[in-house]
Amino acid sequence: MKGVIFEIRRFTVHDGPGIRTTVFMKGCPLSCWWCHNPEGQFPQPEPWTRTEKLDGKVFEKQMIIGQEWTASDLMTEILKDRVFFDESGGGVTFSGGEPLMQPAFLMEILSLCHKHGIHTAVDTSGFSPTEDLMKIAALTDLFLYDLKLLDDKLHVKYTGVSNRLILENLHLLLDLGKPVWLRHPVIPGINDTFGEKERLKELLKQFSGKISVINLLPYHSIAMNKYRKAGRTNYLESLKDLPASDLQPMADELEETGVKVIIGG
Amino acid sequence: MNTRVQKLREESLNAVNKLSPERALLVTAFYRSEKAAGLSAPVTRALCFEHIMKNKALWLGDGELIVGERGPAPKATPTYPEVALHSLEDLKVLDSRPKVSFKVDEEMLSAYRDVVIPFWKGKSNREKMMTLLPREWHDAYEAGIFTEFQEQRSPGHTVLGDKIYHKGLTDLIKEVRLNLESLDYINDPEAFEKREELTAMEIAARALISYANRYAVLLDEKAEAETNQERKKELLEMAQICRNVPAYAPRTFHEALQYYWFVHVGVISEVNPWDSFNPGRLDQHLWPFYRKGLEDGTLTEERARELLQAFWVKFNNHPAPPKIGVTALESNTYTDFALINLGGVKADGSDAVNELTYLILDVIEEMRLLQPSSMVQVSKKNPDAFLYRALKIVKTGFGQPSIFNTDAIVQELLRQGKSLEDARNGGASGCVEAGAFGKEAYILTGYFNLPKILEITLNNGVDPRTGKKIGLETGNPSGFTSFDDLLKAYQQQLRHFIDIKIAGNNLIERLFAKNIPTPFLSLFIDDCIAKGKDYINGGPRYNTSYIQGVGLGSITDSLTALKYHVFDKKDVSIQLMLEALRANFAGFEDLHHKLVYETPKYGNDDDYADEQARIVFNMFFEAVDGRPTARGATFRINMLPTTSHVYFGSVIGALPDGRKAGIPLSEGISPVQGADTHGPTAVLKSAAKIDHLKTGGTLLNQKFSPDFFRDETAIQKLGSLVRSYFRLDGHHIQYNVVSAETLRDAQKHPEKYRDLIVRVAGYSDYFNDLGEDLQNEIIRRTEHEGV
């Protein structure tokens, strides 16, 4: 069994507790307008041109985004930073793309992690067959669960899929008592409207006590270059970065629901 | 800080570094006089010291609480003509060079022209040394294979233990006399030498007491004239303190600080011991005085803070004495590497952090001075709060404190044969050097250019920069059929040059021991009195000589590139590689790109590359460790560059790792600048693959943007990073916290950044005082951006 992975990043400090290694798995059923890992959307490896500069000269290198990994090789890579996980209460985070697009491989690597006693987090859109999610949940210590839009029509428009399954899955996970950090990207003009905020508040009230924390992630245009290089359309081309400090009023408002709010990851 | 301290600090920052002829004139007058004729070296040196301490001008600044200056005023810096004689040309260079300059006035120039140079020409220790050292030493030295610390400064590098907090100089004189009386002139062949050394120690001890008494008289006079009643009282109190210390054991916090400072001034006036003399474990030494003072009501926390701050200013008033010659690149700085140690463990192995530790950390943060430098010793037994407090100071971006692994230091010292208690009472000094405080002479002898050895190897013993054959003929590299052949040749060359270095060191050691012993310093380092032997002649309980390896990242990546492309993948022939190196990669752009971008590199937790780091480290270790020195010490290694990686880079042509000619080498055990692309944990893992416990110190520098310190959670993660590295036996880590943007702006507008201090390599320096290429290098160093 092999998984397709497009990046492994060590010393990530925003993807769960402690010092972590984040494994970015390729393929995502959603296509969010603000996606900052567009190279993670297609499930298959794809060609990519990297430019490297040396002494003012530019070298263009052809490479493939997305490599096949066996679970045991991946485990070796993850274990390299074990001492840092142990000291900091960190571990590994599977992100993407959408890690649940590769459920069998994810299951295999998660169970290996558990054998080694490594804390596991799964960063998911929640858009996954419930059966898969439940199996994964049994091997996952923490979910970073994306909640993008609560209005279903808008969700379809901006992400390409309905949010009904996502919300159902969230209910189930919370009922199971799984630790969940909600991740809410704030995209100016798209989900920072009065209506969306009210709906989010409702949801938080409903699950207050069950949701450990909600992270408000201010929009940033860091991925713009990736879109250009891949020749892909970015519908948010002209959208400017949202300063984190602009989110304080929203954070204060959401805190009233009793859920802890953190601006940024 | 209060207005008094503010004023003292401001005066210290604004004082102009200048050269003072005072000491050189006193020393010259002494050596010309009849007093110096026909005496043994130790007694001559002690009388010379006495002459200095009895005649030097006394400085007393307004509002000062701790008294004593090396020169006639703050930052008025003496010279040491008996060790190395500045020429008039040198003085002009020092006066006019844009970085680390020392003003030279007419008084200084004429003193040198008319008195100092005419007397010392041909007699300074440096001139004698250079005449006696063999041709092959000079060849290697001029090629930039190694540097020599004792070329311009006397053997130093030690740190005080707790002796002075229990004993006054009168107590030490009693010990000296007891030993003098028990000398066995019939059976001990060294008895006469011991007599001279012990006699010299007593003269030196009395000289410092008389210096303190001169201050007592001056303070009384000032008190007499003082109209402000509060200051008058203070001056009278200070006069009393100077009558009690250093003659008798200190009774109060203030006396303890003043005693240390008198000793400090004595040590750096006697001669210019390279380097780093300092009180060491300050929070341990002062703790009993602090607690007692608070308990009996004679001290408040605020007064202790003020005294410590006044003490800090004293260090900052004393720039390192400038070198001679124009080889400014090698290691040039105002800092004299005094490194205050905090935290760690007590002699019984328990957690040593106390309330005073935190108070001193406050002082460090508030004072924000270049000197003294500071470090925290972090043992697994120390609380996290202590580490976090230190990291919050690191965050303010002036490069202090640096962070050391107590548990590793203790094991390093134990491996070298120190007792468990002495190891636990030790720490690190200078840049990162482990030592048994108060009991060891651990003398740095010079940096060793590991990548240059490869260049010589690839040229069959010839230095391509000069065309001179200075190494062994280890064979034309075209004939190497395996990577092992190359490694064997490298090892032969390495041993060859280490032998040259060691032979030179032995000669230099004897020369200093014969001509410039240090009876004053010897009083304070156990067991010099008991043995009747000098600090630089085997008197201390432990004696170590270090050779400092430089360029680990560069040599590792260069060997890896050869292994990978020439011997394993065979996609580059050795001939092509050599041609490209000779051409400095001009016309070989694709190969250059391949070497830089498509070759495994040290610093990425990649065993393929890191293996070469282990191999070179072990070769270096085996070539040096355990060999005896002329004074009965043992040679050891450590891995630190100060700023020599810039100088060493300037003498090497292109290297197989893609580094072009003249570019600085990697510093400490850090990866080549920009070669680490897998983040800080991968760097730490790579760096931990060499066995730190076999060294006397390694230096690892990591630069973080301030964002990494933004809140409590972030600080905790950095704390975990430190703890993890220390679990892997890492010796030391320092964080540079400043954005590249800030540094670029500082290059453009130096005037706006007068107080910008950055971590260079094991020490901090004013950014403005660094050479432009070193500034550029610091900017280039991988900045681990937030993820």
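Letters go in sequence order (proteins before strands), and every chain restarts at 1.
Along residues 713-724 of chain B, the residues that come nearer than 4.5 angstrom to chain A, judged on non-hydrogen atoms, are K717(B), S720(B), L721(B), R723(B), S724(B) in order of number.
Of the two parts of D607(B), neither the backbone nor the side chain holds a non-hydrogen atom closer than 4.5 Å to a non-hydrogen atom of chain A. For K80(A), the parts lying near chain B are the backbone and the side chain together; criterion is any non-hydrogen pair under 4.5 Å.
The number of heavy atoms from other shown groups lying within 6.0 Å of NZ (K57(A)) is above 12.
Inspection of the H692(B) and E412(B) side chains reveals no N or O donor paired with an N or O acceptor under 3.5 Å.
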Can you give the donor-acceptor pairs under 3.5 Å from side chains of residues 85-96 of chain A to other protein atoms, not counting sequence neighbours?
from	atom 1	to	atom 2	distance (Å)
E87(A)	OE2	R727(B)	NH1	3.3
S88(A)	OG	I19(A)	N	2.8
S88(A)	OG	F84(A)	O	2.7
S88(A)	OG	G90(A)	N	3.3
T93(A)	OG1	D15(A)	O	2.7
T93(A)	OG1	R20(A)	NE	2.6
S95(A)	OG	D123(A)	OD2	3.1

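To the nearest 0.5 Å, atoms CD1 (I669(B)) and OG1 (T695(B)) are separated by 8.5 Å.
The stretch residues 580-597 of chain B participates, sequence neighbours left out, in these salt bridge (Lys or Arg N to Asp or Glu O under 4.0 Å) pairs: D571(B)-K594(B).
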Using the salt bridge (Lys or Arg N to Asp or Glu O under 4.0 Å) rule, take K660(B) and D55(A) through it: C-alpha gap first, then chi angles, then the decisive distance, then the call.
CA-CA 10 Å; K660(B) 294 178 95 175; D55(A) 288 345; 2.8 Å; yes

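Across D605(B), L684(B), V596(B), the residue that shares the most heavy-atom pairs under 4.5 angstrom with chain A is D605(B).
Under the ring pair (Phe, Tyr, Trp, His ring centres under 6.0 Å) criterion, F42(A) pairs with no residue at all, not counting sequence neighbours.
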